[in-house]
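In what follows, a single structure is set out as structure tokens and then discussed.
Naming convention: chains lettered A, B, ... in sequence-line order (proteins, then strands); numbering from 1 in each chain.
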Protein chains: 2
Amino acid sequence: MFSLSEENYLKSIYHLEAIHGKGISTNSIAKKLETKASSVTDMIKKLAEKKVLVYKKYQGVSLTVLGRKEAANIVRKHRLWEVFLVDKLNFSWDEVHDVAEQLEHIKSPKLIDELDVFLGFPKMDPHGDPIPDKEGNFQKIEKRLLSTLEENKTGICVGVNDSSSDFLKYLDKNNISLGKKIKVLSKESFDGSLTILIHSKEITISKKISNNIYIQ
Amino acid sequence: MFSLSEENYLKSIYHLEAIHGKGISTNSIAKKLETKASSVTDMIKKLAEKKVLVYKKYQGVSLTVLGRKEAANIVRKHRLWEVFLVDKLNFSWDEVHDVAEQLEHIKSPKLIDELDVFLGFPKMDPHGDPIPDKEGNFQKIEKRLLSTLEENKTGICVGVNDSSSDFLKYLDKNNISLGKKIKVLSKESFDGSLTILIHSKEITISKKISNNIYIQ
DNA sequence: ATAATTTTTTAGATAAGGCTAAAATTTTTT
DNA sequence: AAAAAATTTTAGCCTTATCTAAAAAATTAT
Ligand SMILES: [Mn+2]
Ligand SMILES: [Mn+2]
Ligand SMILES: [Mn+2]
Ligand SMILES: [Mn+2]
């Protein structure tokens with residue numbers, strides 16, 4: 001059994017590995033968890049003893065099969081709860097993340113299985129992220145950042161790279177949501193900002209925004 | 001904001017006050033929480049500083065208005081989650097308590113309000129216990145222990161005094177559940193055991209059992 | 001190949017929440 | 001009213017998860 005803190009470390013390392021591959025540095029974990037590198041060193045030693053990751057001094061860490069499964073299960077719980085909050089309890093997509101951060105630590109295999117049934121075995125959470133099955137597997141969907149789309153090309157918004165309330169509220173304000181068609185009208189080479197057509201309206205968004213929207 | 005531990009102390013003291021009135025002893029809290037009296041002393045000092053209870057050395061504690069409200073809210077969450085688990089997720093009444101012990105500590109006012117809406121504002125949990133409203137108020141229903149019913153009298157089961165899985169499974173095995181009619185056929189004065197008629201079947205139950213069933 | 005810089009680890013502290021053992025206080029018995 | 005027993009508090013220690021500051025190792029720049 002893992003403590004709340006241990007679970008948060010596992011989840012962070014899992015997410016970092018998904019982006020950067022094996023060998024996650026102490027510092028990057030510290031940044032992600034908003035803690036200090038020295039705290040990370042202590043914790044990864046403990047997690048290595050629990051066989052969920054491999055750690056060699058000064059070399060960073062990699063999850064073991066066990067660790068990856070454990071982490072995927074926490075992500076599964078997080079995303080199922082997010083679906084529950086949006087589909088059943090009238091939460092909007094910018095309100096669910098913080099509550100799901102708490103709910104993901106509830107320990108009860110039956111609870112999560114039944115929740116899955118109750119929700120109709122959803123494959124995606126409200127932000128377009130895939131929900132792992134009990135074994136930790138999920139279908140990886142084709143997607144790219146809006147920032148990589150060329151001028152005059154069109155894509156459909158299928159996900160976001162940032163689930164913070166601030167960012168999602170910005171999207172709401174500009175009528176950007178999952179499933180929406182987005183056409184790039186022009187690209188400013190100086191700062192990478194885009195003028196896009198969405199909902200038959202022209203808006204200009206910064207590079208930082210287009211770097212956090214996934215399209216297909 | 002209160003920690004998980006603080007919340008469990010508040011809830012225990014709240015339940016103890018409901019039975020024994022003001023002035024709850026250190027020892028009784030320790031017993032309820034399965035901890036040591038010395039740990040209780042430390043914690044109640046902290047809770048007294050936080051103004052949720054009044055504490056005078058060697059005199060036991062009493063909840064303040066604030067503390068009672070805080071405790072009632074935790075009970076409210078616990079019982080709403082129990083309803084959710086039984087009504088929506090196919091849990092039986094003997095499976096919900098431990099999970100609700102975890103879920104009651106999730107912090108999100110919107111979550112619990114919406115859950116209440118989603119469940120249709122239930123007034124009772126699966127064990128017949130009342131669900132406090134946001135102010136901590138609830139209707140106190142008339143009920144007495146089955147052990148106090150005289151021979152040849154009949155009552156309807158409306159609650160249980162013990163929500164442990166073991167006890168509830170015993171009741172299931174003997175077809176005793178909320179709403180069922182129970183008639184006392186005979187009472188053994190030596191040990192207080194009862195022979196009752198339930199579901200047109202005669203069974204004999206010990207005093208310990210009849211002391212944990214509420215009827216109306 | 002050194003030197004400077006950055007990253008990581010270690011050492012030592014702290015706070016929360018728990019424990020045991022001993023001391024203080026209250027309650028019950030004689 | 002003492003003495004005995006029970007309850008409660010205090011003192012000191014432990015574990016978990018943090019932190020800061022200093023030391024060690026790795027990386028980057030000169
Ligand atoms: Mn999330
Ligand atoms: Mn999400
Ligand atoms: Mn319960
Ligand atoms: Mn209950």
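Under a cut-off of 6.0 angstrom, the local environment of CD in Glu142(B) is sparse, with at most 12 non-hydrogen atoms contributed by other residues, nucleotides or ligands. More than 12 heavy-atom neighbours from other residues, nucleotides or ligands sit within 6.0 angstrom of NZ on Lys22(A). Within a 6.0 Å radius of NZ in Lys208(A), other residues, nucleotides and ligands contribute 12 heavy atoms or fewer. The 12-atom threshold is not exceeded at CD of Gln139(B), counting heavy atoms of other residues, nucleotides or ligands nearer than 6.0 Å. The number of heavy-atom neighbours closer than 6.0 Å to NZ of Lys110(A), taken from other residues, nucleotides and ligands shown, is above 12.
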For DNA chain C, the dot-bracket notation using Watson-Crick and G-U wobble pairs below 3.5 Å, [ ] for pseudoknot-type crossings and | for other-strand pairs, is ||||||||||||||||||||||||||||||
Please list each protein N or O that sits under 3.5 Å from an N or O in nucleotides 1-3 of chain C, with the distance.
none

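Between Leu4(B) atom CG and dT16(D) atom P the separation is 17 Å, expressed in whole Å. One can place OH of Tyr58(A) at 11 Å from P of dT27(D), the figure rounded to the nearest angstrom. Counting to the nearest Å, the P atom of dT26(C) and the NZ atom of Lys56(B) are 11 Å from each other. Atom NZ of Lys31(A) is separated from atom P of dT7(C) by 7 Å (rounded to the nearest Å). dT15(D) atom C1' lies 12 Å from atom CD of Glu6(A), rounded to whole Å. In this structure, the CG atom of Leu47(A) is 13 Å from the C1' atom of dT16(D), given to the nearest Å. What separates CG of Asn8(A) from C1' of dT16(D) is a distance of 15 Å, to the nearest Å. As rounded to whole Å, 14 Å separates atom P of dT16(D) from atom CZ of Phe2(A).
Within the structure, salt bridge (Lys or Arg N to Asp or Glu O under 4.0 Å) pairs that include any residue of residues 61-73 of chain A comprise Glu17(A)-Arg68(A) (at least two apart or interchain).
His105(A) pairs with exactly one of His78(A), Lys77(A), Glu7(A), Lys11(A) by the side chain to side chain donor-acceptor pair (under 3.5 Å) rule, that one being Glu7(A). Considering Leu47(B), Leu16(B), Ile24(B) in turn, Ile24(B) is the only one that fulfils the side chain to side chain contact (heavy atoms under 4.5 Å, CB included) rule with Val61(B). When Asp129(B), Asp133(B), Asp116(B) are each tested for a salt bridge (Lys or Arg N to Asp or Glu O under 4.0 Å) with Arg76(B), only one passes: Asp116(B). Among the candidates Asp94(A), Asn161(A), Ile213(A), the single residue satisfying the side chain to side chain contact (heavy atoms under 4.5 Å, CB included) test with Phe167(A) is Ile213(A).
Judged by distance alone, the side chain of Ser210(A) and the main-chain N or O of Lys207(A) form a donor-acceptor pair under 3.5 Å.
Side-chain contact annotation: Ser25(A) with Asn27(A), donor-acceptor N/O pair under 3.5 Å absent. For the 3.5 Å distance criterion, the side chains of Asp191(A) and Ser193(A) qualify, holding a donor opposite an acceptor.
Taking 4.0 angstrom as the limit, Tyr9(B) places a side-chain polar atom (N or O) nearer than this to OP1 or OP2 of dG18(C).
Every residue meeting the side chain to side chain contact (heavy atoms under 4.5 Å, CB included) condition with Leu119(B), not counting sequence neighbours, appears here in chain and number order: Leu80(B), Val83(B), Phe84(B), Lys88(B), Leu115(B), Pro122(B).
Taking the nucleotide of DNA chain D with the nearest heavy atom to each of Lys57(B) and Gln59(A), the more 5' of the two is matched to Lys57(B).
Within residues 14-28 of chain B, no residue places a heavy atom under 4.0 Å from DNA chain C. Near DNA chain C, defined here as any heavy-atom distance below 4.0 Å, the residues from residues 32-42 of chain A are Ala37(A), Ser38(A), Thr41(A), listed numerically.
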